[in-house]
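What follows is one structure encoded as structure tokens, with my remarks underneath.
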Amino acid sequence: EAEIPFTGSNSYSSRLCMDKYRSSILVQSTTDLSIPNTKIVRLKDLQYELNKISLPIFLKPNKNGSSICSYIIKDLNDIEEILNEFLPIQLRSQFNFSSSFNSYLDELGIPLSHPGKDDLCLNDVFIEPDLKVLNSANLNPVYISMSNTINLLTKKVFYIGKDQSGKTTIFKKLIRDYYGKSVYPVLIRGSDIKNANIDKHVRAALEKQYSDLNWDAYMQLDKSKRVVFIDDLDLSTISIASKIKIFDRLKDIFSIIHSSMRDTELYSSISQKSEFYWNDSNLFEILPFGQVKKDELIRKSVLLSNEEPIEDELLIRQVDGLYKKIQDITLTKIPSYPFFLLMILQGITTSSPSDYKFTAYGDCYLALIVFSIHKYIGPQKSEAYLNFLSCLSYDFFINRRSSITEDQLKQFYINYLQEYNFPDEMTPMLNNLLKAKLLHRTHDDLIKFNHPFVLHFCIARYLARNYHQ
């Protein structure tokens with residue numbers, strides 16, 4: 001397939017030889033050779049099947065190529081000891097996150113910096129948000145901490161949150177929490193769901209998110225070990241009926257379904273058309289940070305700035321000073337979600353006071369984009385790159401694109417030069433925007449905007465500047 005010359009059998013033959021069960025069937029059906037009977041069983045049924053088979057037997061993973069986890073069983077009394085060794089090794093070797101997915105779970109997702117650390121990761125600044133229960137029968141408001149949602153008895157958990165409220169971040173942390181309990185989550189983005197064939201999306205997610213795991217091996221796990229997260233379900237363009245069909249299928253595969261959306265409209269629509277199924281669910285709203293959560297976030301930021309231990313009195317003074325500045329800003333139209341608070345903290349700690357008078361969402365988005373350009377590309381090129389991104393975003397908008405190939409970007413760049421000057425050639429320009437985390441190269445080598453707010457802000461900026469056209 002890759003058109004690379006090699007010697008020996010083809011890839012199909014190689015795969016067949018690695019599959020013990022299929023190989024044995026082929027040999028039995030096409031030759032007169034006498035070989036031992038072969039049977040394939042699920043991991044969860046292994047002990048039961050072993051009690052039905054006459055000894056001795058040879059036990060080995062179907063598709064492993066080495067001698068790891070290979071056993072000769074001659075006595076039933078040995079089975080329990082072998083299983084205790086065999087099953088954990090199987091789980092460890094098959095159910096590891098891929099390096100790219102591990103990196104994704106650790107990323108902030110936005111190009112933030114900090115005086116105490118250049119490249120922040122999620123754990124550096126994460127503070128667990130509070131959730132409000134929206135479908136409680138209690139007359140008084142009911143609240144729950146994010147981490148407690150993995151202990152719920154319900155099979156469907158829904159999170160309502162505005163843009164930049166932290167829905168994806170919550171899912172990243174919950175995925176880590178489940179994994180730490182030997183439960184193996186799958187993450188699916190709502191925007192990727194184009195039809196009701198959800199099995200296809202689960203298979204693709206398994207392939208990308210785990211280093212050595214396929215559908216068949218995953219389905220051998222007990223159902224309690226399988227959990228799915230659907231991020232931004234409302235971004236899927238399929239019909240309500242198709243979404244209900246998807247959830248009916250997901251409940252057969254997974255023990256718990258977590259899903260996020262921007263408001264309750266979709267949840268209400270699905271509930272009305274599938275009332276019996278949706279009764280067994282929890283509905284939560286992601287709350288903005290109050291005084292306590294803001295204080296925790298600021299305290300974490302201050303401690304990150306100091307390599308040496310800091311005295312309590314000095315810590316309190318620094319936290320109080322930053323808290324007052326943040327309060328002055330968030331009393332305007334800026335919501336107190338971590339995304340905006342972190343961006344404001346960045347502005348306060350890296351800029352002069354006149355640079356962080358944020359009065360609206362747009363000011364926050366512009367400051368974040370400009371900061372990334374200044375840091376990774378250079379302040380002298382800020383306006384040129386911002387204009388290029390605005391024009392590129394508008395091209396995405398009018399052509400209904402979510403990504404482009406590098407050849408398409410090159411053609412856009414050539415057309416752009418006919419109307420505007422630009423300081424850099426195509427290759428360094430692309431590398432700069434990737435380094436600044438404003439553009440992103442996908443696993444299949446497509447180019448897209450790294451975060452929705454970058455795309456949406458740049459589109460709005462282009463329209464505002466060209467409304468007369």
I want to check something: taking the side chain as every heavy atom from C-beta on, are [X] and [Y] in contact at a cut-off of under 4.5 Å?
{"X": "Val133", "Y": "Leu283", "answer": "no"}
{"X": "His258", "Y": "Tyr178", "answer": "yes"}
{"X": "Phe388", "Y": "Tyr420", "answer": "no"}
{"X": "Ile404", "Y": "Phe396", "answer": "yes"}
{"X": "Thr169", "Y": "Pro338", "answer": "no"}
{"X": "Asn135", "Y": "Ser281", "answer": "yes"}

Please report the closest heavy-atom contact between [X] and [Y], naming both atoms and the distance.
{"X": "Ala384", "Y": "Tyr416", "result": "O-OH, 4.0 Å"}
{"X": "Ser269", "Y": "Ile240", "result": "CB-CD1, 4.0 Å"}
{"X": "Ala436", "Y": "Tyr376", "result": "CA-CD1, 3.6 Å"}
{"X": "Met146", "Y": "Thr149", "result": "O-OG1, 2.8 Å"}

Residues forming a side-chain hydrogen bond (donor to acceptor under 3.5 Å, both in side chains) with [X], sequence neighbours excluded:
{"X": "Ser268", "answer": "none"}
{"X": "Asn282", "answer": "Thr154"}
{"X": "Ser191", "answer": "none"}

Pairing residues for [X] by the ring pair (Phe, Tyr, Trp, His ring centres under 6.0 Å) criterion, not counting sequence neighbours:
{"X": "Tyr218", "answer": "none"}
{"X": "Phe97", "answer": "Phe101, Tyr179, Tyr210"}
{"X": "His201", "answer": "none"}

Hey, what do you get for [atom1] ([X]) to [atom2] ([Y]), rounding to the nearest 0.5 Å?
{"X": "Leu446", "Y": "Glu406", "atom1": "CG", "atom2": "CD", "answer": "10.5 Å"}
{"X": "Thr264", "Y": "Asp234", "atom1": "OG1", "atom2": "CG", "answer": "11.0 Å"}
{"X": "His440", "Y": "Leu433", "atom1": "NE2", "atom2": "CG", "answer": "14.0 Å"}
{"X": "Leu250", "Y": "Ile188", "atom1": "CG", "atom2": "CD1", "answer": "6.5 Å"}
{"X": "Arg249", "Y": "Lys245", "atom1": "CZ", "atom2": "NZ", "answer": "11.0 Å"}
{"X": "Ser372", "Y": "Asn450", "atom1": "OG", "atom2": "CG", "answer": "9.5 Å"}

Q: Please assess Ser390 against Ser393 for the test side chain to side chain donor-acceptor pair (under 3.5 Å), listing each intermediate value before the final yes or no.
A: CA-CA 5 Å; Ser390 297; Ser393 70; 5.4 Å; no
Q.
Applying salt bridge (Lys or Arg N to Asp or Glu O under 4.0 Å) as the test, list every pair that has at least one member in residues 391-402; sequence neighbours left out.
A.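 For residues 391-402, and leaving out neighbouring residues, the salt bridge (Lys or Arg N to Asp or Glu O under 4.0 Å) pairs sorted by first residue read Asp395-Arg401.
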**Q.** Within residues 448-457 or reaching into it, pairs that qualify as salt bridge (Lys or Arg N to Asp or Glu O under 4.0 Å) - sequence neighbours excluded
**A.**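 Sorted result for residues 448-457: empty, none.
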**Q.** Check: Ser165 side chain, Lys162 main-chain N or O, donor-acceptor pair, under 3.5 Å
**A.**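 Between the backbone of Lys162 and the side chain of Ser165 there is a qualifying donor-acceptor contact (under 3.5 Å).
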Between [Y] and [X], does any NZ, NE, NH1 or NH2 come within less than 4.0 Å of an OD or OE carboxylate oxygen?
{"X": "Arg461", "Y": "Glu383", "value": "yes"}
{"X": "Asp177", "Y": "Lys181", "value": "no"}
{"X": "Glu207", "Y": "Arg203", "value": "no"}
{"X": "Asp231", "Y": "Lys167", "value": "no"}

Q: Answer with yes or no after comparing the ring centroid distance for His374 and Tyr385 against a 6.0 Å cut-off, counting only values under it.
A: no
Q.
Are Phe289 and Tyr337, when compared by the centres of their aromatic rings, separated by less than 6.0 Å?
A. no
[X] and [Y]: side-chain donor and acceptor closer than 3.5 Å?
{"X": "Asn123", "Y": "Lys173", "answer": "yes"}
{"X": "Ser224", "Y": "Asp222", "answer": "yes"}
{"X": "Ser259", "Y": "Tyr267", "answer": "no"}
{"X": "Asn415", "Y": "Gln411", "answer": "yes"}
{"X": "Lys294", "Y": "Ser336", "answer": "yes"}

(Q) Suppose we screen for side-chain contact (heavy atoms from CB on, under 4.5 Å). Which residues come up paired with Asp445, at least two apart in sequence or across chains? (A) Arg441
Within 6.0 angstrom of [X] [atom1], more than 12 heavy atoms from elsewhere:
{"X": "Asp252", "atom1": "CG", "value": "yes"}
{"X": "Phe397", "atom1": "CZ", "value": "no"}
{"X": "Glu296", "atom1": "CD", "value": "yes"}
{"X": "Glu425", "atom1": "CD", "value": "no"}

Q. In chain order, what residues pass the salt bridge (charged side-chain N to carboxylate O under 4.0 Å, His left out) check against Lys381, with sequence neighbours excluded?
A.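 Listed in chain order: Asp424.
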(Q) The criterion is salt bridge (charged side-chain N to carboxylate O under 4.0 Å, His left out); which residues satisfy it with Lys225, sequence neighbours excluded? (A)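 For Lys225 there are no salt bridge (charged side-chain N to carboxylate O under 4.0 Å, His left out) partners, ignoring immediate neighbours.
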Q.
Using side chain to side chain contact (heavy atoms under 4.5 Å, CB included), reason through Asn387 and Phe422 one step at a time and then give a plain yes or no.
A. CA-CA 10 Å; Asn387 190 64; Phe422 196 75; over 6 Å; no
Q.
Assess the residue pair Glu128 and Ser147 against the criterion (side chain to side chain donor-acceptor pair (under 3.5 Å)); give the C-alpha distance rounded to whole Å, side-chain angles, the decisive distance to 0.1 Å, and a yes or no.
A. CA-CA 8 Å; Glu128 184 175 309; Ser147 57; 3.1 Å; yes
Q.
Can you classify the ring geometry of Phe284 versus Tyr159 as parallel (below 30°), tilted (30 to 60°) or perpendicular (above 60°)?
A.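 Phe284 and Tyr159: tilted rings.
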Q. Do Phe449 and Phe457 pass the ring-ring contact (aromatic ring centres under 6.0 Å, His included) test, and can you show the C-alpha distance, the side-chain angles, and the key distance before you say yes or no?
A. CA-CA 11 Å; Phe449 281 82; Phe457 173 82; over 10 Å; no
Quiz: residues 103-110 side-chain donor-acceptor pairs under 3.5 angstrom, not counting sequence neighbours:
unit_1: Ser103; atom_1: OG; unit_2: Ser99; atom_2: O; d: 3.0
unit_1: Tyr104; atom_1: OH; unit_2: Arg189; atom_2: NH2; d: 3.4
unit_1: Asp106; atom_1: OD1; unit_2: Arg176; atom_2: NH2; d: 3.0

Q | Lys156 to Phe247 six-membered ring, cation-pi geometry met (6.0 Å, 45°) | A |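 The answer is no, since Lys156 fails at least one limit relative to Phe247.
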